[in-house]
Each structure stands twice: as structure tokens, then as C-alpha cells.
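Counting starts at 1 for both ligands and their atoms, in listed order. Just so you know, residue 1 is the first one in the sequence shown, and it goes up from there. From a predicted model like this one, the values you see are computed outputs, not experimental measurements.
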Amino acid sequence: MIPTTFEELALAAPLKRALAEQNYTTPSPIQAQSIPILLEGRDLLGIAQTGTGKTAAFSLPILNALHQESKHPQRRSARVLVLTPTRELASQISQSFETYGKGIRFSKTLIFGGVGKNPQIRAMKNGVDVLVACPGRLLDHMNEGDVDLSGVEFFVLDEVDRMLDMGFLRDVKKIVAALPAKKQSLFFSATLAPSIKDLANRILHEPAHVSIEPKRTTAEKVDQRVCFLDKDHKKELLLQHLEAQRGHGLTIIFSRTKHGANKLCKSINSAGFESEAIHGNRSQPQRERTLEKFKAGRLPILVATDVAARGVDVKDVTLVINLDIPNEAEAYVHRIGRTGRADASGSAVSYCSPEEHEFYMDIEKLIKKKLPVDLDHPYHHEELAELHSRGLKARESTRDNGGNKGGGRRGGGGRGRNGGGSSRNNSSRNNTQSQARGRVSDGSTGRRRRR
Ligand code: AMP
């Protein structure tokens, strides 16, 4: 039987308390499948990516073993060795051991390159319970006699596919050769290419296999679409989208400039919405206050510049609006990654005017797909959509057409949802927000403007 709660797992009470503190109630699939196997002392081959909860899947049973049998680690050695490819991963894993092992007495240290060796040598002198390390620097220490792996009881090889991509195979093999024969080994990789299988066969002894379907990436979870329109109509369309979004979760609007973000806030607030901006010109405490309000759901709309939004991790963002198209295609991916966090799904809508069309084409090239064109608004720019579907840049066509900006229709909106001749499907009509927006359009056929 696969456990459905952490209570059902044979983990020590302090571990269960730490999980409750983290508000974890249900083991993720990799945890539910791996933890019972690992508690039995078996080797494990896990096919799983970051984001599946694999860190807890291996650290909980290991911490449980350290709790059950506490003893002095050997000098210059570790009872647990976790090998991972990057410093960031090493730090995260170490942090997870600390979080989950809060109620357990154990020592740990980190070893990676790019920082001084001496503190690492000192930390290893009397041995540690848990050593989280990257291969290159660990091998240096071993070669210099500062680390000895003969006391390892648990060996975790994490993100093996990345490790091999980064050229660590030889280092890993040398490290593995220095480990004692008797130990419990855990091996995690996102894929199982032949070279990875070979390595697993060398290391693992009659392992249990656990394979977790890759999670959908953020970009796959986010329902993305583009609105082609003249830049003069962006504000009006924005107000319609915000109206449709009322009561449906949090919205982030991206603006390219700080000045633009401020102006936008003022104008949407004067139209009866509640928004605040975060950007480089606001002080850190101001930004933090705004973010706190947003996270707590007391502020429905956040207006942000790209830089300010880095690292904003808010679970309930259901809509990202790109008021303008970022010049750098990568920024688009960061922007839409602000929605669809954790298991949630979200929508992202981008407003593209003829002037920005070239940047928009770069985005579709980067994400390797054509996004559905939203026809469900009164400002649809048919000519631009048409050019886009033919793979032509608006600017090229401007030259061809003797200077008519983008060859586009200018002036009034009001073409309505049926006016577009785009051959694309609008898949976004199926989602709630689009339905809400659809109702707004129905009522007005695009002619009633919010002011
Ligand atoms: P990992 O794949 O280990 O990097 O974990 C991904 C994220 O999921 C981390 O932020 C963990 O804190 C979180 N997490 C791990 N296990 C659980 C769980 N059972 N319930 C909720 N969140 C979890």
C-alpha cells in the first residue's frame, strides 16, 4: 500500500513534527514510493526531476537512520555523502536537511569550489554526519588527504544526468571507488541514458526502481495567448481584462519602464482598480510592503518591471499581462513563470503592437511554439495577425507598404470578436478568465469602453 499521509510512514516523531511545521501533509509520489523502500535499507534508482520533492524523499529516511543510531562520525569522513552537480543544489539540499532535521541532533557541512578550502578542511577534521558536496572540490580534498570516504554509510548521487552533462563522470567514478562496499546507495536522475544506466549498475546493489513522470514545465502549465493591437488601444484592452479578472486571483502586469509602471498604476487606479508598482526606484521596504500585501491577497494587482519581478514567488498569481513585449525573449519566460507556480495553472496574455512584432517573433522562436491569437477583443489588428501568420515582420511590411505603420488598421476598435479572419484557433476561450472576458465583450461588442 502506498502511504497517503506522512503519519502512515515509519518516520521518527521529530521528523513528522518538522513536516507538519512545513505544512506538508501528503507525501509527493516520489516520497510515498521511495521512503518505505529506503527505510528498509534498500538501494534505490529514482528517475525524477527537481521539483518532485525528491530531496525530502532521500533526506527523511537518512535523517531517520541518523536519529535511530547516533554515533561519532569517523575523523575526516562523513556518515552520509550527498553528491550533487552545482553549488546551488548543494546549498538547497543542505538547507533541506536542516529544515527536516530540525528536531534531530546531527552535524553537516558543505563542500564546493569557488570558496576557500581551509574552512572546509576544518569542518571535516572531526568528521560530520552529513556532507553535501560537488564532485570537483571533493576530489581535491580527497587527493590532499583532507577527506576520507571510508566511513560513508549512505551515499546519494543526485541529478546524475546533469552531473554527466557537466563532465563529472570521471570525478564521480573516482569518488565512488573510494567508498566502502557496505553502504546504502541512492541514485537520482531525470533520464536513464545508457551511460547513466551503466553508472547505476556499478553503484547500486539490487535497487528498487521508482520513476516519476516529469512535471509539466511552467511554460506548459501556463495558458498563453497574444493580442495583436495598436499600441493606442493597450490601455483600453487592459481595463477590460482587469475587469474580467476581478475576483479570479492575483494579476501581475509587466511594464518595460519604471516610469511606465508608475503611470500605469495611476491610470488603472483612477479607473477603479487597486494596484501598486514595484520597481527599482522604490525603496526596499516599500517594495517589501507592496509584495507582502500582494502575497496576502490584499492587493489584487501588481505592476512590475522585469528586474523588480525576479524572485517574486507568489502562488496565487493567475494572470500575467505583458503590457509590452520585452526586448529580450528570455524575459518573457521569466515573466510568465510568475504564474503557474507549484501545481497551479495560470494564464499569460501579451499585447503586441506592430512596433514590437519583431521582439514577439523572437519569443516564439525561443519557446518553439506559436501562441494562440486572441480574437476575443475589440481591438484585434487583423493585418498584423495576418503578417504574423505568414511569418513576416511588421517592420518589413511597413517598408513594403510605403510607411503605413505595420500595414495595420489604425483608429477605432469595435471590430468585435467575429471580425477577425485569423485562421488560428483561440484555445484560450476555454479557460475561466477568457469566459469572463468573453462576457464583457458580449455585453459591449467591444464598443462600450470603461472609463
Ligand atoms: P525538491 O524536488 O526536493 O526540490 O522539492 C520541490 C519543492 O517541493 C520544495 O520547495 C519542497 O519544499 C516542496 N515539497 C517537498 N515535499 C513536499 C510535500 N510533501 N508537500 C508539499 N511540498 C513539498
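- The pair K54-E159 meets the salt-bridge criterion, with a side-chain N (NZ, NE, NH1 or NH2) lying under 4.0 Å from an Asp/Glu carboxylate O.
- Look at R335 and D324 and you find a salt bridge, because one of the NZ, NE, NH1 or NH2 atoms lies within 4.0 Å of a carboxylate O, short of that distance.
- No donor-acceptor contact under 3.5 angstrom links the side chains of Y351 and H377, judged on distance only.
- With respect to the salt-bridge test (charged N to carboxylate O, under 4.0 angstrom), the residues E364 and K369 do not qualify.
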In a simple table, one pair per line, please give the protein and ligand 1 atom names for every N or O pair closer than 3.5 Å, along with the distance.
unit_1, atom_1, unit_2, atom_2, d
ligand 1, 2 (O), G51, N, 2.7
ligand 1, 2 (O), T52, N, 3.1
ligand 1, 2 (O), G53, N, 2.7
ligand 1, 2 (O), K54, N, 3.4
ligand 1, 3 (O), K54, N, 3.4
ligand 1, 3 (O), T55, N, 2.9
ligand 1, 3 (O), T55, OG1, 2.6
ligand 1, 12 (O), Y24, OH, 2.3
ligand 1, 14 (N), Y24, OH, 3.4
ligand 1, 16 (N), Q31, NE2, 2.7
ligand 1, 19 (N), T26, O, 2.9
ligand 1, 19 (N), Q31, OE1, 3.0

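- With respect to the salt-bridge test (charged N to carboxylate O, under 4.0 angstrom), the residues K71 and E153 qualify.
- A salt bridge links R225 to D374: at least one charged side-chain nitrogen sits closer than 4.0 Å to a carboxylate oxygen.
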